[in-house]
Enquirer: 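Quick one: the structure is below, and I'll ask about it shortly.
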Amino acid sequence: MAEGPAKRSASPQAISPPPLRRKVDPTVTKKSVANFFTPASQKKPEVITWRLIGTSCIIGKQTSKNQVPSPSEKRRIAGFDLDSTLIKTKSGNVFPKSATDWQWWNDKVPGRLKELNSEGYQVVIFSNQKKISVQKDIKGGRSESKSLSNFKEKMTVVLTQLDIPVSVYAATTDPEYRKPRLGMWHEFLDDYDLDVAGVDFSGSVFVGDAAGRPGDHSGVDRGLATNMGMSFKTPEEFFLGETTEPATKLFDPMLYVKSEEEPAKPFTRKHPLELVIFCGSPGAGKSTFYWTHLEPLGYKRVNQDMLKTRPKCLKVAREHLEAKKSVVVDNTNADPETRAYWTSLAKELKVPIRCVQFISTPDLCKHNDAVRASNKNLNPESRTSLPGIAFGDFGRRFQAPTLDEGFDDIIPVEFQFRGSDEAKALWRQYWI
């Protein structure tokens, strides 16, 4: 293509130099050029469309001439994880080196997905993609990041090879959307009006490699299937018909949902005036235990998250005790050195001191923390999600309390969830 016409020279003998030929970008094809000059009214709709939900979720939707009409009854869903389920890297690396560093997980994958479409299933992909940066600033403007461009380029090829109607939902860093939480699932239901038309859960399936087996990096795929209410299979089970190892490291919240029978009182007052300290991990249920069992008995609460420093906690506790009001210290109190501040105060004021020890696993505490931070109606104090180091730090420092430290007694408390049916439905989902 020639550049614009050269300006005439003042001299009639002057001859303009021959026009320069521009190199054509190899990504520009005759088809794309023709499509550029085609009137909008005559253009075919894009086969794959992309949209973003803030910086939280990437959604790609492919339509196809092979679209199977939706049945009038509830829709069956065939959901899949992406990496190590549908595709894997060619390089053998855990993470792809480029947009072309992929291959099918197994040769049977594309054919099986096409069969599912022909059988009337709605095929969808749900993938956690934490390494994708959705946007970045370039001189005050917004531009697509390389990681996002690479993902879209790769998925365009994957979806095009399938040539069936399929959508991909990729969660980046927002916990609300990342598996096993239901953010991507709710978007999918809304996109296809399935929250109205309905889903055949008994006939649906979700397939993923994060199954909580020995060697799996997590159990989030199995957890997502449970949260969605459908059966779960590993890629080996679904595509190859193999039997795989059962889950061994999947935290099951249902183990902590107890019957509604009235439990024995876990705490009773022993002295007219006493100091009670809690000992337990963040997320072990300490504050809930206080509001449920000790606040009704008139105990005053001292909490370092609210008062900010230990000296302030000690000062407030002293004031309450000197006013003849029993006190609960609602902190982690992980080690004897920390607990010694309180046993010393009790000894100085000649007040009996008791300890309530909360017995819980790290996974249970992380689960409680995630549920609390994600559901306002279960979070009356508006607590934010804690970093993982908070749980690790408690585990590193923890030493079980003993009577030798000066306690009148030590009351062990095992966590049990009790609440309304609505609260129970939220709490028993998988969140981590």
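If you're wondering where the values come from, they're calculated on a predicted model, not measured in any experiment.
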Enquirer: Begin with the C-alpha distance, continue with both residues' side-chain angles, and end with the deciding distance and a verdict on side chain to side chain contact (heavy atoms under 4.5 Å, CB included) for V276 and V329.
Expert: CA-CA 6 Å; V276 178; V329 182; over 6 Å; no
Enquirer: Looking at every heavy atom in both P214 and E245, which two are closest together, and how far apart are they?
Expert: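 Of all heavy-atom pairs spanning P214 and E245, the closest is CG-OE1, 3.7 Å.
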Enquirer: Does NZ or CZ of K146 lie under 6.0 Å from the centre of the six-membered ring of F151, at an angle within 45° of the ring axis?
Expert: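 Output no; distance or angle outside limits.
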Enquirer: Examine the side chains of T248 and R213 and answer whether a donor and an acceptor come within less than 3.5 Å of each other.
Expert: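 No, R213 and T248 have no side-chain donor paired with an acceptor closer than 3.5 Å.
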Enquirer: Regarding T172 and Y177, do their side chains bring together a donor and an acceptor under 3.5 Å, going by distance alone?
Expert: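 No, no side-chain donor-acceptor pair sits under 3.5 Å.
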Enquirer: Report the C-alpha distance between W102 and T89 in whole Å, list the side-chain angles of each, state the deciding distance to 0.1 Å, and finish with yes or no for side chain to side chain contact (heavy atoms under 4.5 Å, CB included).
Expert: CA-CA 4 Å; W102 75 274; T89 61; over 6 Å; no
Enquirer: For E422, look at atom CD and say whether over 12 heavy atoms of other residues, nucleotides or ligands are found less than 6.0 Å away.
Expert: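 Incorrect, the count does not exceed 12.
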Enquirer: Determine whether the side chains of S287 and D330 contain a donor N or O and an acceptor N or O closer than 3.5 Å.
Expert: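 The answer is yes; a qualifying pair exists.
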Enquirer: Measuring from I277:CD1 to C279:SG, what's the distance to the nearest 0.5 Å?
Expert: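 The CD1 atom of I277 sits 7.0 Å away from the SG atom of C279.
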Enquirer: Looking at every heavy atom in both P235 and S84, which two are closest together, and how far apart are they?
Expert: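 Taking P235 first and S84 second, the nearest heavy atoms are CG-O, 3.7 Å.
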Enquirer: Could you tell me whether R76 sits above the aromatic face of F201, with NZ or CZ closer than 6.0 angstrom to the six-membered ring centre and within 45 degrees of the axis?
Expert: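 So R76 doesn't make the cation-pi contact.
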Enquirer: To the closest 0.5 Å, what do you measure between CD (Q62) and CD1 (I48)?
Expert: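 So the gap between those two atoms works out to 4.5 Å.
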Enquirer: Keeping the roles fixed (side chain from D200, backbone from K74), state whether a donor-acceptor pair exists under 3.5 Å.
Expert: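 Absent.
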Enquirer: Around atom CD of E414, are there more than 12 heavy atoms from other residues, nucleotides or ligands closer than 6.0 Å?
Expert: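 No, the 6.0 Å shell around CD holds no more than 12 heavy atoms from other groups.
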Enquirer: For a salt bridge (Lys or Arg N to Asp or Glu O under 4.0 Å) check, start with the C-alpha distance between D393 and R397, then their side-chain angles and the critical distance, and finish with the verdict.
Expert: CA-CA 6 Å; D393 180 64; R397 295 189 300 113; 3.1 Å; yes
Enquirer: Side chain to side chain donor-acceptor pair (under 3.5 Å), that's the test. Do T244 and E236 meet it? Break it down for me.
Expert: CA-CA 7 Å; T244 60; E236 293 83 0; 5.5 Å; no
Enquirer: Do the side chains of Y430 and L224 get nearer than 4.5 Å, heavy atoms only?
Expert: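 They are not in contact (no side-chain heavy atoms under 4.5 Å apart), so the answer is no.
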Enquirer: Is K300 atom NZ crowded by more than 12 heavy atoms from other residues, nucleotides or ligands, each under 6.0 Å away?
Expert: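 No, the 6.0 Å shell around NZ holds no more than 12 heavy atoms from other groups.
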Enquirer: I'd like to know whether NZ of K154 has more than 12 heavy-atom contacts from other residues, nucleotides or ligands below 6.0 angstrom.
Expert: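 Count over threshold, so yes.
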Enquirer: Would S326 and R269 satisfy side chain to side chain donor-acceptor pair (under 3.5 Å), going step by step from the backbone distance to the final call?
Expert: CA-CA 10 Å; S326 293; R269 183 190 290 271; 2.9 Å; yes
Enquirer: Assess the side chains of D83 and Q129: does a donor N or O sit below 3.5 Å from an acceptor N or O?
Expert: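 Yes, a side-chain donor-acceptor pair sits under 3.5 Å.
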Enquirer: Compare every heavy atom of L159 with every heavy atom of V166, then report the nearest pair and how far apart it is.
Expert: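 Minimum heavy-atom separation between V166 and L159: CG1-CD2, 3.5 Å.
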Enquirer: Decide yes or no for F188 and I77: does some side-chain heavy atom of the first lie under 4.5 Å from some side-chain heavy atom of the second?
Expert: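 Yes - at least one pair of side-chain heavy atoms lies under 4.5 Å apart.
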Enquirer: Answer yes or no: is there a side-chain heavy-atom contact under 4.5 Å between W431 and P253?
Expert: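 SC-SC contact between W431 and P253 ruled out.
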Enquirer: Applying side chain to side chain contact (heavy atoms under 4.5 Å, CB included), run through V123 and I164 and close with a yes or a no.
Expert: CA-CA 9 Å; V123 180; I164 60 172; 4.2 Å; yes
Enquirer: So, taking the atom named NE2 in H293 and the one named CD1 in I411, what distance separates them when rounded to the nearest 0.5 Å?
Expert: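 Answer rounded to 0.5 Å: 11.0 Å.
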Enquirer: Can a side-chain donor-acceptor contact be found between H271 and D408 if the only test is distance below 3.5 angstrom?
Expert: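 There is such a pair between these side chains.
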Enquirer: Looking at K270 and D409, is any side-chain nitrogen of the basic one under 4.0 Å from a carboxylate oxygen of the acidic one?
Expert: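 Salt bridge present between D409 and K270.
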Enquirer: Taking the six-membered ring where the residue is Trp, are the ring centres of F80 and F238 under 6.0 Å apart?
Expert: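 Yes - the distance between ring centres of F80 and F238 falls below the 6.0 Å cut-off.
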Enquirer: So do I59 and L52 actually touch side chain to side chain, heavy atoms under 4.5 Å?
Expert: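 With C-beta onward as the side chain, the pair stays apart.
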Enquirer: Of all heavy-atom pairs between N331 and C313, which one has the smallest distance, and what is that distance?
Expert: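 Looking at all heavy atoms of both residues, the shortest contact is ND2-SG, 4.4 Å.
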Enquirer: Just wondering, more than 12 heavy atoms not from D107 lying within 6.0 Å of its CG?
Expert: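 No.
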Enquirer: If I take atom CH2 from residue W185 and atom CG from residue D195, how far apart are they, to the nearest 0.5 angstrom?
Expert: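 So the gap between those two atoms works out to 10.0 Å.
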Enquirer: Given the side-chain rings of F267 and Y290, with only the six-membered ring counted for Trp, is the space between their centroids under 6.0 Å?
Expert: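 They do not qualify: ring centres at least 6.0 Å apart.
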Enquirer: Can R51 and D191 be counted as an ion pair, charged N to O under 4.0 angstrom?
Expert: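 Judged by the 4.0 Å cut-off on N to carboxylate O distance, R51 and D191 do form a salt bridge.
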Enquirer: Can you name the closest pair of heavy atoms from R318 and L345 and give their distance?
Expert: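 R318 and L345 have their closest heavy atoms at NH2-CD1, 3.6 Å.
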Enquirer: Just do the side chain to side chain contact (heavy atoms under 4.5 Å, CB included) check on K179 and M184 with the steps written out, would you?
Expert: CA-CA 8 Å; K179 297 180 293 186; M184 291 190 287; 3.7 Å; yes
Enquirer: Going by heavy atoms in the side chains, are T332 and K286 under 4.5 Å from each other?
Expert: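 Yes, their side chains come closer than 4.5 Å.
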Enquirer: Under a 3.5 Å cutoff, is there a donor and acceptor pairing between the side chains of D216 and S218?
Expert: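 S218 and D216 do not have a side-chain donor-acceptor pair below 3.5 Å.
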Enquirer: Does a sphere of radius 6.0 Å around NZ in K131 hold more than 12 heavy atoms from other residues, nucleotides or ligands, not counting ones at 6.0 Å or beyond?
Expert: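 No, the 6.0 Å shell around NZ holds no more than 12 heavy atoms from other groups.
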Enquirer: Decide whether T338 and D335 meet the rule of one side-chain donor and one side-chain acceptor closer than 3.5 Å.
Expert: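 Looking only at side-chain atoms, D335 and T338 do form a donor-acceptor pair, the distance falling under 3.5 Å.
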Enquirer: Go through the steps to decide whether S204 and Y121 satisfy the test side chain to side chain donor-acceptor pair (under 3.5 Å), and finish with yes or no.
Expert: CA-CA 8 Å; S204 298; Y121 282 87; over 6 Å; no
Enquirer: Aromatic contact between F126 and Y169, with the criterion being ring centroids under 6.0 Å apart: yes or no?
Expert: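 Yes, close enough.
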Enquirer: Short question: side chain of S147, backbone of S133 - any donor-acceptor pair under 3.5 Å?
Expert: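 The answer is yes, because a donor-acceptor pair under 3.5 Å joins these two groups.
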Enquirer: If you define the side chain from C-beta out and look only at heavy atoms, does anything of Y299 sit under 4.5 Å from L275?
Expert: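 No, every pair of side-chain atoms sits at 4.5 Å or beyond.
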Enquirer: Are there more than 12 heavy atoms of other residues, nucleotides or ligands under 6.0 Å from atom CG of L255?
Expert: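 Buried by this count: over 12 neighbours within 6.0 Å.
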Enquirer: With heavy-atom distances below 4.5 Å as the criterion, would you say the side chains of L240 and W105 are in contact?
Expert: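 A side-chain contact under 4.5 Å exists here.
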Enquirer: Which value, rounded to the nearest 0.5 Å, describes the distance between T226 atom OG1 and D221 atom CG?
Expert: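 Atom-to-atom, T226:OG1 and D221:CG are 11.0 Å apart.
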Enquirer: Could you give the distance from CD1 (I353) to CZ (R339), rounded to the nearest 0.5 Å?
Expert: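 Going from CD1 on I353 over to CZ on R339, the span is 10.0 Å.
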Enquirer: Check step by step if salt bridge (Lys or Arg N to Asp or Glu O under 4.0 Å) holds for D369 and R372.
Expert: CA-CA 5 Å; D369 177 66; R372 177 178 62 192; 3.2 Å; yes
Enquirer: Pair W427, F415 - check ring pair (Phe, Tyr, Trp, His ring centres under 6.0 Å), show working.
Expert: CA-CA 13 Å; W427 192 88; F415 181 86; 5.7 Å; yes
Enquirer: Please check if any side-chain donor atom of T292 sits under 3.5 Å from a side-chain acceptor atom of R418, or the reverse.
Expert: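 Their side chains do not contain a donor-acceptor pair, so the 3.5 Å distance test is not met.
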Enquirer: I want to check something: taking the side chain as every heavy atom from C-beta on, are L364 and N368 in contact at a cut-off of under 4.5 Å?
Expert: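 The answer is yes; the side chains approach within 4.5 Å.
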Enquirer: Is the positively charged end of R310 above the ring of Y341, judged by distance under 6.0 angstrom from the centroid and angle within 45° of the axis?
Expert: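 Yes, a cation-pi geometry.
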Enquirer: For the ring-ring contact (aromatic ring centres under 6.0 Å, His included) test, which of Y256, F391, F251 pairs with H367?
Expert: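 By the ring-ring contact (aromatic ring centres under 6.0 Å, His included) criterion, H367 pairs with just one of Y256, F391, F251: F251.
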